[in-house]
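Written below as structure tokens is the structure these notes are about.
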Amino acid sequence: MSGMAGRLLSAADLFPGGVNSPVRAYRAVGGDPPMIVRGAGSRVWDAQGHEYIDFVGAYGPLIAGHAHPAVENAIRNAAANGGPFGHTSPAEVELGRMIVDAFPSIERLRFVCSGTEAAMSALRVARAATNRDLILKFEGSYHGHSDALLAKAGSGMATLGLPGSAGVPAAVAATTLVVPFNDLDAVDAALDRHRVAAVIVEPVVANAGVVLPLDGYLEGLRTLTRRRGTLLIFDEVITGFRVARGGAQSVFGVTPDLTLLGKIIGGGLPIGAYGGRAELMDLVAPVGPVYQAGTLAGHPIAMAAGAATLQLLDDAAYARLELLGQRLEEGLARALPRGRIVRQGSLLTAFVDDFPALHRRFRSAGVLIPPSQFEAWFISTAHAEQDVDRAIEAAAA
Ligand code: PMP
């Protein structure tokens, strides 16, 4: 509890930058980040008792808002049952079925504990399947913090202005090709020049702010990769169950070889998943030669929270998210005439000249948005029209 001097250690003493994930330190917007003690619905409260309307949404998982009663109950019931068991439990089968139902491209999947793990593991499968080492990613996309995927990454890497991470062996970095998003010629040229195991893409980029794929771009990636025997991996860690039940692949009608999921499927608890055609997934141990494992993978509490969350996501929920998204987009466009608002469903970014000033304005109006121009804002089914209007007023102030 206490340090050597006998005083209580603070977050700043205990964690690098006072945080357990870099963007939380508010380096890009300035000011001290609030310490959040509680959330309910669309609201969170800080240690001083200030109430905020929350558009951070834990960076994606909380599509039903904070502490939704159905999710909370599922967590309580699962916790009361004990576990994890070091054996398969029915909750894994239940959540697995819901995912396979929603994603026709996924016949078989593996649960892991984060999006990072999902991406890292899918690359291993792709390399094994193709017997090739190189992967191709896009500038400003983020696929978690595994060594191979930190080149020119978005999210916190972009927030901190870092081109890549220290500590990544040059030999590993050399296996990653990076090209600009929305430029099919660049992909075509790279695939011509190199034997690439997989192209990994956020079908709607959410880690460089929200960036939409140009018309035909995802289809183009599908054609170019198929032609070269390169696998196409859709990172739907954010977009899965967010932009539609079946993710961006259902919205744009493009079928990847492998899909990465996370965030929403765990209802706010640690989770990730990767999946695809059975013959690809059967490369994974114990059936195949690709090793991948996890003590806490398929954790019954995460499975229960995820299943309870997915159960809430009916057509009405997506219709409501779309309406709220439209309202926020239109309101922000009026309030910020020199800004650019980019949105897909309940995922949105306001690109403005002075983001730190915008963030300060929101915070003083009691509205929390991500403390970075490069992170998306998340709307939940718990947001009311008035919550959205409060955000619009804050932007206009
Ligand atoms: N892929 C995408 C598209 C993400 O946005 C993120 C995290 N924001 C990840 C992967 C990594 O997920 P995690 O933080 O759970 O490791």
Side-chain angles (χ1 to χ4, degrees), residues 19-24 28 55-63 103 110-124 126 135 137-160 165 176 178 181 198-213 218 232-243 247-249 251 256 258-275 292 294 296-299 302 305-306 309 344-349 369-378:
V19 293
N20 285 301
S21 196
V23 174
R24 296 179 197 169
F55 288 98
V56 179
Y59 295 100
L62 300 183
I63 195 163
F103 284 78
R110 191 39 92 63
F111 285 118
V112 290
C113 296
S114 65
T116 294
E117 278 179 78
M120 180 181 93
S121 309
L123 291 189
R124 194 175 297 144
I135 57 147
K137 75 178 284 287
F138 297 96
E139 262 170 43
S141 285
Y142 181 67
H143 307 290
H145 62 85
S146 70
D147 281 353
L149 288 166
L150 280 179
K152 293 194 182 171
S155 188
M157 295 281 292
T159 303
L160 299 173
S165 172
T176 306
V178 185
F181 185 70
V199 169
I200 181 168
V201 63
E202 291 179 76
V204 171
V205 181
N207 285 292
V210 176
V211 181
L212 305 180
L218 297 173
L232 182 59
I233 304 175
F234 273 12
D235 181 345
E236 301 232 37
V237 166
I238 282 186
T239 53
F241 293 95
R242 164 69 60 181
V243 299
Q249 55 196 266
V251 173
L258 291 167
T259 296
L260 317 180
L261 295 169
K263 305 214 186 220
I264 289 174
I265 63 163
L269 274 81
I271 203 162
Y274 64 104
Q292 181 274 307
L296 299 178
H299 196 293
T309 300
Q344 180 77 36
S346 55
L347 197 58
L348 176 144
T349 298
I369 57 172
S372 163
Q373 178 73 95
F374 302 110
E375 304 284 350
W377 309 11
F378 294 92

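Remember, it's 1-based here, ligands and their atoms both numbered in the order they're listed.
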Atom [atom1] of [X] and atom [atom2] of [Y]: how far apart are they, to the nearest 0.5 Å?
X: His143; Y: Phe138; atom1: NE2; atom2: CZ; result: 8.0 Å
X: Leu260; Y: Ser114; atom1: CG; atom2: OG; result: 11.0 Å
X: Lys137; Y: Glu202; atom1: NZ; atom2: CD; result: 8.5 Å

Shell of residues surrounding ligand 1, defined by a 4.0 angstrom heavy-atom cut-off that is strict: Ser114, Gly115, Thr116, Tyr142, His143, Gly144, Glu202, Asn207, Asp235, Val237, Ile238, Lys263
By side chain to side chain donor-acceptor pair (under 3.5 Å) - contacts of Thr176 (at least two apart): none
Test side-chain contact (heavy atoms from CB on, under 4.5 Å) applied to Leu62 - qualifying residues, sequence neighbours left out: Ala58, His66
Contacts of type side-chain contact (heavy atoms from CB on, under 4.5 Å), residue Arg124, not counting sequence neighbours: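 For Arg124 the side-chain contact (heavy atoms from CB on, under 4.5 Å) partners, ignoring immediate neighbours, are Met120, Val290, Gln292.
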